[in-house]
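First the structure, in the form of structure tokens, and then the observations on it.
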Amino acid sequence: MILCKMAQQLGMPYSTGIVEYAKVKKDLSTSFKDIKKLLKTFSIIDRDRNGLVDISDLGWYLGVPSGAGLKMVFDSMAPASDGFLTFHNYVHGLLARCSSPHLQNEEFLHTIFNYLDQDHNGALSEADMFRLPIHIAAARHTTDDFYQITPQIGFGEVLIDTPRGVDNDDLYNCSAEEFKALLSEYKEYVLLFEAYRNIGIIAT
């Protein structure tokens, strides 16, 4: 009921917020606060606010062109869909995939980090963050705790604007731990990095 009302407040149909929260909480150890945050993000991805996301919406949000990598991300969240992603698909698909052991292990995260770290100095510069053909949406909290998101700006910008304050010491250098924190905030990019690794864009 709360999520359905929240979906309406965000300009989407009331039914968009229907999700089996008890099952999600049990199976994926997710808090209600996290689900509300995902609904806010989903409302940004859903550009026409009809409660459905297609692959072009997801590509717009991630800042990536259509292609094998984007299709792998979309299909991993909605493997049996009719070309659309519901909020239910988004929550279950995103959280289930990102909680898989091989995406949580340090080896996977270090593979991505080391690929981006071109000079191998243990920190990602702004240039490093733009190495992959992807961009990321920077979330900024407003006074009413709703997100104002500007899609399709670079990873480097996120270091400045991320609500978690990633890389407070040097806004243009991101440590491995800060990069890990960044990916925990923007889980969609974990799936995108996995896809790019699987199709050979990121060498292992």
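I35 contributes atom CD1, which lies 13.5 Å from atom NZ of K33 (distance to the nearest 0.5 angstrom). To the nearest 0.5 angstrom, F42 atom CZ is 12.0 Å from H88 atom NE2. Of the inter-residue distances, the one linking L124 atom CG with F113 atom CZ reads 4.0 Å to the nearest 0.5 angstrom. The structure places CG of L52 at 10.5 Å from CE of M12, a figure rounded to the nearest 0.5 Å. Interatomic distance, R47 CZ to D54 CG, rounded to the nearest 0.5 Å: 7.0 Å. Between atom CG of residue L192 and atom CD of residue E188 there is a gap of 10.0 Å, rounded to the nearest 0.5 Å.
Side chains of L95 and K187 form a contact here, defined as non-hydrogen atoms less than 4.5 Å apart. Counting heavy atoms from C-beta on, the side chains of L191 and L94 come closer than 4.5 Å. Side-chain contact check for Y196 versus I112: every heavy-atom pair is 4.5 Å or farther apart. A 4.5 Å side-chain heavy-atom check between H92 and M77 finds every atom pair outside the cut-off. In this structure the side chain of I55 never reaches within 4.5 angstrom of the side chain of S66, judged on heavy atoms. Contact of the F108 side chain with the V190 side chain is registered, since non-hydrogen atoms from C-beta on lie closer than 4.5 Å. Residues F179 and L116 have side chains in contact (heavy-atom distance under 4.5 Å, counting atoms from C-beta outward). Side-chain contact between I45 and W60: absent, with no pair of heavy atoms (C-beta onward) separated by less than 4.5 Å.
When only modelled atom types and interatomic distance are considered, S31 and D34 share a side-chain donor-acceptor pair under 3.5 Å. Using modelled atom types, one finds no donor on one side chain facing an acceptor on the other under 3.5 Å when comparing E194 with Y189.
Of all heavy-atom pairs between Y90 and T41, the closest is OH-CG2, 3.4 Å. In plain terms, the two heavy atoms of L183 and F193 that are nearest each other are CD2-CE1, 3.5 Å. Taking both residues in full, the closest heavy atoms of V73 and A195 are given as CG2-CB, 4.2 Å, listed atom of the first, atom of the second, then distance. P13 and G51 get closest at one heavy-atom pair: CD-N, 3.7 Å. The two atoms that bring M6 and K36 nearest to each other are CE-O, 3.2 Å, heavy atoms only. The two residues A7 and G17 have their closest heavy-atom pair at CB-N, 3.9 Å.
Atom CD1 of I2 has 12 or fewer neighbouring heavy atoms from other residues, nucleotides or ligands inside a 6.0 Å radius.
I18 and L10 sit in two unconnected hydrophobic clusters of ILVMFWY residues. Membership requires side-chain heavy atoms under 4.5 Å apart, directly or through other members.
Side chain of D46 to main chain of S43: no donor-acceptor pair is present (N/O by atom type, distance under 3.5 Å, no hydrogens or angles). Looking at N89, its side chain never comes within 3.5 Å of a backbone N or O of A78 through a donor-acceptor pair.
With sequence neighbours left out, the ring-ring contact (aromatic ring centres under 6.0 Å, His included) criterion links Y14 to no other residue.
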Inset, instruction - I would like to know whether Y61 and V53 meet side chain to side chain contact (heavy atoms under 4.5 Å, CB included); could you show each step before the answer? - result: CA-CA 11 Å; Y61 174 75; V53 163; over 6 Å; no
